[in-house]
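Read the numbers this way: they start at 1 and go in the same order the structure lists the ligands and their atoms.
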Amino acid sequence: MKYRVPVIPGDGIGPEIMAEGQKVLEAAAEKHGFELEWIMYPLGADHYLDTGELVGEDTLKELSAYKAIYLGSIGDPRLKPGVLEKGILLAMRFYFDQYVNLRPVKLLEGVWTPLKDKGPQDIDFVVVRENTEDFYIGIGGRAGSGKSHQDFEVIRSLYNVKFGLDAESDSEEIGYQIGMISKEGTTRVIKYAFDLAMSRRKHLSSVDKANVLSDIYGFWREEFEALATRYPEVVTDVNFVDAITMWFVKNPEWFDTLVAPNMFGDIITDLGAMIQGGLGLAPGANINPDGTSMFEPIHGSAPKYKGMNKVNPVATIWAGAMLLEHLGEKYAADDVIKAIELNLVEGKTKTYDLGGTSTTTEVGDDIARIVGGI
Ligand code: IPM
Ligand code: MN
């Protein structure tokens with residue numbers, strides 16, 4: 001069996017971590033008797049600065065022929081924040097309609113957590129982040145300072161009244177962004193989360209802010225509660241996002257599966273990453289169950305470490321395990337996770353974030369060697 005997998009190393013440390021991810025996946029493939037053929041796509045800052053192209057329609061069409069893409073990291077200080085992130089990463093999540101962003105928060109054996117008296121038995125949950133709606137839809141604008149936005153005149157005049165400004169003047173400036181969720185978009189991701197909870201410890205927690213942003217997240221909560229009636233075996237609870245951040249720190253053992261709207265999911269998974277040992281250990285999968293999915297570490301491109309062979313490749317390797325599982329190679333995926341765990345428990349090769357001095361390559365080599373020998 002041969003799988004063809006597009007690889008986008010991306011910016012900053014992307015190429016370094018991706019090389020280790022590919023190395024470990026190749027070791028798992030060899031052991032389990034399948035082949036991986038990598039199709040390299042040099043998207044990112046250099047490509048954009050050379051050609052003016054972020055990710056073209058032709059490239060997207062081509063990529064949509066594959067089941068799984070392996071992605072490093074996107075972002076470069078030479079460009080304004082958001083140009084590459086929105087133009088490449090979010091563009092792909094939206095184009096492929098990868099409506100599930102799956103982010104396991106699991107403290108592996110041998111890893112230190114900043115949570116006092118908590119261990120691997122306490123920190124083992126998964127966040128299902130909605131990935132195509134909410135405040136990420138890209139509808140917003142700026143008005144004032146000579147710019148104006150027709151749709152916004154009413155709110156702008158309220159603002160003028162509030163601050164006692166002259167409505168005729170254009171010196172005041174406002175920015176606004178619209179968050180939107182749909183019934184279809186909400187139910188499909190919540191259903192995915194319920195099905196996932198059924199395969200785990202049958203406990204699903206929903207995250208919202210229905211007490212304040214009631215039009216958008218009150219709607220989310222209603223859809224969650226309606227679907228809950230169809231899964232009588234799953235124990236559910238609904239939580240405000242601010243409270244969730246507190247419980248993650250105080251009682252992470254309460255959680256099994258969580259489902260969150262896009263922006264809250266973004267925020268709480270960085271917190272999740274910290275309690276599982278840091279961003280260097282946190283993988284993510286952008287999933288369209290019927291289309292093209294994409295697997296990546298949740299951290300960014302860490303430009304200050306670029307080319308130093310210093311950062312932790314584990315998040316990328318773990319994302320690679322998720323990719324293998326998605327392709328149907330569950331045993332190979334399990335071996336990669338086991339090898340990561342053995343590497344961490346042995347603690348012979350550790351990057352700086354885990355208190356060691358090993359290079360990115362040394363950690364990748366060690367995990368690849370363990371995979372071959374399991
Ligand atoms: C993430 C990142 C992205 C997001 C950025 C880089 C667009 O923070 O994957 O969590 O906000 O989704
Ligand atoms: Mn994020």
Side-chain angles (χ1 to χ4, degrees), residues 8-14 17-18 21 43-45 47-48 54-55 60 68-105 125-140 177-181 185 189 207 241 244-245 248 258-288 292-306 311-312 314-316 318-320 322-323:
I8 306 171
D11 302 313
I13 54 162
I17 51 176
M18 191 47 70
L43 301 175
H47 181 75
Y48 176 62
L54 289 158
V55 51
L60 290 167
I69 300 170
Y70 202 10
L71 173 70
S73 50
I74 298 290
D76 188 291
R78 287 172 291 175
L79 294 153
K80 275 209 198 123
V83 172
L84 301 169
E85 293 86 338
K86 286 198 276 184
I88 300 178
L89 178 62
L90 297 184
M92 289 196 291
R93 288 180 184 167
F94 278 70
Y95 183 88
F96 300 120
D97 201 20
Q98 293 161 341
Y99 63 86
V100 171
N101 191 332
L102 196 62
R103 297 187 159 183
V105 178
F125 57 87
V126 51
V127 178
V128 176
R129 167 186 174 191
E130 201 288 322
N131 214 22
T132 58
E133 298 195 327
D134 201 20
F135 285 96
Y136 277 67
I137 54 173
I139 299 181
Q177 197 92 38
I178 307 279
M180 184 222 70
I181 65 171
V189 73
V207 180
V241 63
I244 276 282
T245 61
F248 270 20
L258 294 99
V259 64
N262 205 343
M263 193 174 70
F264 296 153
D266 176 43
I267 296 166
I268 66 173
T269 51
D270 267 27
L271 178 58
M274 277 300 129
I275 70 174
Q276 73 183 119
L279 277 168
L281 298 169
N286 304 279
I287 295 177
N288 176 338
T292 301
S293 299
M294 189 162 75
F295 299 80
E296 55 169 342
I298 83 166
H299 62 66
S301 60
K304 71 174 178 192
Y305 294 122
K306 177 181 176 162
V311 299
N312 195 339
V314 166
T316 307
W318 191 342
M322 295 173 86
L323 183 152

Applying a strict 4.0 Å limit to heavy atoms, is His299 in contact with ligand 1?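 The answer is no, since His299 has no heavy atom less than 4.0 Å from ligand 1.
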So for Met263 against ligand 1, with non-hydrogen atoms under 4.0 Å, the contacting part is neither
Pairwise distance CG(Leu43) to OH(Tyr48) - rounded to 0.5 angstrom: 13.5 Å
Got the closest protein heavy atom to [atom], with its distance?
atom	value
atom 11 (O) of ligand 1	Tyr136 OH, 2.6 Å
atom 5 (C) of ligand 1	Leu89 CD2, 4.3 Å
atom 2 (C) of ligand 1	Asp266 OD1, 4.1 Å

Passes side chain to side chain contact (heavy atoms under 4.5 Å, CB included), Val259 versus Val207? Steps please. CA-CA 6 Å; Val259 64; Val207 180; over 6 Å; no
Heavy-atom proximity to atom 3 (C) of ligand 1, best of Arg103, Glu85, Arg93: Arg93
Could you tell me whether the Mn ion (ligand 2) has an N, O or S atom of Asp270 under 2.8 Å away?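 It does not; every qualifying atom lies at 2.8 Å or beyond.
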Which of the N/O/S atoms in Asp266 sits closest to the Mn ion (ligand 2)?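 It is OD1 of Asp266.
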Would you confirm whether Ser301, through its side chain, and Gly75, through its main-chain N or O, come within 3.5 Å as a donor-acceptor pair? yes
Among Leu258, Val127, Leu279, exactly one meets side chain to side chain contact (heavy atoms under 4.5 Å, CB included) together with Thr269. Which residue is that? Val127
Take Arg93 and Asn101, measure what side chain to side chain contact (heavy atoms under 4.5 Å, CB included) needs, and give me the verdict at the end. CA-CA 9 Å; Arg93 288 180 184 167; Asn101 191 332; 4.0 Å; yes
Would you say the ring centers of Tyr136 and Phe94 fall short of 6.0 Å from each other?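 No, the ring centres sit 6.0 Å or more apart.
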